[in-house]
Amino acid sequence: MKLGIIGLPNSGKTTVFNALTAQAIEAVAYPTPIGEDAHVGIVKVPDARIDRLSEIYKPKKTTFADVTCVDITGFATGISASKQKAKVFDQVWDVDAIIHVVRAYEDQAVVHPDGDIDPVRDAAALDLELVFHDLELVETRLERIANSMKKGIGAGLEPERDILERFRAQLEEEKPLRNLTLSDEEHAVIGSLQFVSLKPELVVLNVGEDDIGNETTAGTLASLGAHFEGKDTEVFSLCGKIEMELTQLEPDEARAFLEDLGIGEPAMNLVIRKAYELLGLISFFTSGEDEVKAWTIRNGTHAVKAAGKIHSDIERGFIRAETISYDDFIAAGSTVKGKELGTLRLEGKDYMVQDGDIVNFRFNV
């Protein structure tokens, strides 16, 4: 999974990127030039179930699932009209979901581009840049389809034309494409076109330390939620500065810091979980003395395809999936006991792997 972080200049998006990736990229108080290389980092997906399985098996190696994060530079109001926009929007199209950082913190030393703090205005303005990009793409493609049909070489383009007409109507209302419901067939028809407002979006309100969980933040979240009401969008708040500071502390110190603030866990854990939910992703596990490992798949994946996630030979020679849920395994204490209790099962290739399943694939090649 790849997440792209966007935000207006001085919104704190690089701070959020640092908090996610435990890096120390300088957060500059001026717009980043368009076309500058994006910052990239890898995030281990936190999962207490992997920690517990490692305690039980004491494996030689423990492998968490991971996520690639991209701090997309040069994103600002008016980018959709820039001659260099392709350098930015290509990066957006290449990610699976967008983390949209919206400024709500006050800091006299970090000037807001518009002079004052207005999270709903800022969020709407930047999301509109995605809409403008897609509207131009729709109109360009529809013009080409119309020209092809006039020349008598447009046979078979009607389904794409009809979908694009529907897209144009949505975009002309200044609404993102992610709010539309598309079938798998429709996705396949327009799959090669680089629509960025189709991307699921996590809207992150970046607040000051004193505003964590207060009424002002709650009100702003409600307003953002009303603006972004629709499909494939989540809105929540965090303090990027605190989250970045947490990554620089030892685990015990970080826990004590969170307790002092009355926070249960780092907000960055929530970012990753929400991204998984938006993209319909789940984790299954393989476990043993050599390695305990988390594997990321789409919800609804059949066992034979999940086997292919590990190795194509396992998919090709699939026989059965020896499966037990994480909760049943913990309750039983071992796979042997799980078999006695009937919670360890043999599943066929059409079994849909569930989040938290511990699976041992039987295969023969």
Side-chain angles (χ1 to χ4, degrees), residues 3-17 19 27 29 31-32 71-72 74-81 88-89 92 95 97-135 170-180 196-243 267-268 270-271 274-275 277-278:
L3 302 175
I5 305 176
I6 65 172
L8 289 176
N10 297 344
S11 62
K13 72 181 183 66
T14 297
T15 300
V16 170
F17 171 82
T32 308
D71 180 13
I72 298 174
F75 215 106
T77 303
I79 185 62
S80 61
V88 175
F89 283 108
V92 179
V95 302
I98 297 167
I99 297 175
H100 180 172
V101 180
V102 181
R103 179 174 176 174
Y105 69 87
E106 297 282 354
D107 188 338
Q108 297 298 321
V110 182
V111 179
H112 189 287
D114 291 328
D116 63 331
I117 307 299
D118 187 337
V120 176
R121 175 201 64 200
D122 292 349
L126 206 56
D127 215 44
L128 203 54
E129 297 297 329
L130 305 179
V131 169
F132 289 156
H133 168 276
D134 287 356
L135 182 57
Q170 174 81 356
L171 295 165
E172 285 179 340
E173 292 182 6
E174 299 186 350
K175 296 178 181 179
L177 297 178
R178 75 179 72 90
N179 287 0
L180 295 175
V196 292
S197 74
L198 266 176
K199 303 290 182 181
E201 185 170 354
L202 298 170
V203 182
V204 176
L205 185 67
N206 188 12
V207 304
E209 182 175 341
D210 294 336
D211 293 323
I212 297 174
N214 67 11
E215 291 185 7
T216 299
T217 296
T220 305
L221 285 173
S223 297
L224 283 171
H227 176 79
F228 283 96
E229 184 178 13
K231 183 172 169 287
D232 287 345
T233 308
E234 288 280 352
V235 179
F236 56 93
S237 66
L238 55 77
C239 177
K241 183 179 179 181
I242 286 178
E243 296 297 326
M268 290 307 153
L270 179 61
V271 170
K274 290 295 184 182
E277 290 173 10
L278 277 179

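Between Asp114 and Arg103 there is no salt bridge, since no side-chain N of the basic residue sits under 4.0 Å from a carboxylate O of the acidic one. One finds no salt bridge joining Lys241 and Asp107 here, because no Lys/Arg side-chain nitrogen approaches an Asp/Glu carboxylate oxygen to under 4.0 Å.
Counting non-hydrogen atoms of neighbouring residues, nucleotides and ligands closer than 6.0 angstrom, the NZ atom of Lys199 exceeds 12 such neighbours.
The two residues Ile242 and Ile212 have their closest heavy-atom pair at CD1-CD1, 3.6 Å. Shown here for Gly240 and Ala19, the closest heavy-atom pair between the two residues is O-CB, 4.4 Å. Closest of all the heavy-atom pairs between Ala123 and Val102 is CB-CG2, 3.8 Å. The heavy-atom pair separating Ile72 from Gly4 by the smallest distance is CD1-CA, 4.0 Å. Annotation for Pro9 and Ala76: closest pair CD-CB, 4.0 Å, computed over non-hydrogen atoms. Closest of all the heavy-atom pairs between Leu177 and Asp134 is CD1-OD2, 3.8 Å.
At a cut-off of 3.5 Å, with distance as the only test, a side-chain donor of Ser80 or Glu129 sits close to an acceptor on the other residue. Using modelled atom types and a 3.5 Å distance limit, the side chains of Thr14 and Asp71 yield a donor-acceptor pair. Remark: the Asp122 side chain and the His112 side chain contain an N/O donor-acceptor pair separated by less than 3.5 Å.
Judged purely by atom type and a 3.5 angstrom limit, Gln170 uses its side chain to pair as donor or acceptor with the backbone of Pro176. Between the Thr233 side chain and the Glu229 main chain, no donor and acceptor come within less than 3.5 Å of each other. Side-chain atoms of Ser197 never come within 3.5 Å of backbone atoms of Val131 as a donor-acceptor pair (strictly under, hydrogens ignored).
The closest side-chain heavy-atom distance from Asn214 to Val207 is not below 4.5 Å. The shortest side-chain heavy-atom distance between Arg178 and Leu278 does not fall under the 4.5 Å cut-off. Here the side chains of His133 and Val92 are not in contact, with every heavy-atom distance at 4.5 Å or above. Side chains of Leu205 and Val203 form no contact here, defined as non-hydrogen atoms less than 4.5 Å apart. Here the side chains of Val16 and Leu238 are in contact, with some heavy-atom distance below 4.5 Å.
For the atom pair CG (Asp210) and CD (Glu106), the distance works out to 11.5 Å, reported to the nearest 0.5 Å. Between the CZ atom in Phe75 and the NZ atom in Lys13 there is a gap of 10.0 Å [rounded to 0.5 Å]. Taken to the nearest 0.5 Å, the CD atom of Glu174 stands 5.0 Å off from the CZ atom of Phe132. Atoms CZ and CG, on Phe236 and Leu202 in that order, are 5.0 Å from each other to the nearest 0.5 Å. Between Leu126 atom CG and Ile79 atom CD1 the span is 9.5 Å, to the nearest 0.5 Å. The CD atom of Glu243 sits 4.5 Å away from atom CE of Met268, with the distance rounded to the nearest 0.5 Å.
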Let me see the working for Asp116 and Arg121 under side chain to side chain contact (heavy atoms under 4.5 Å, CB included), right down to the final yes or no. CA-CA 10 Å; Asp116 63 331; Arg121 175 201 64 200; 2.8 Å; yes
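Partner of Ser237 under the side chain to side chain contact (heavy atoms under 4.5 Å, CB included) criterion, chosen from Asn206, Leu221, Leu224, Thr220: Leu221.
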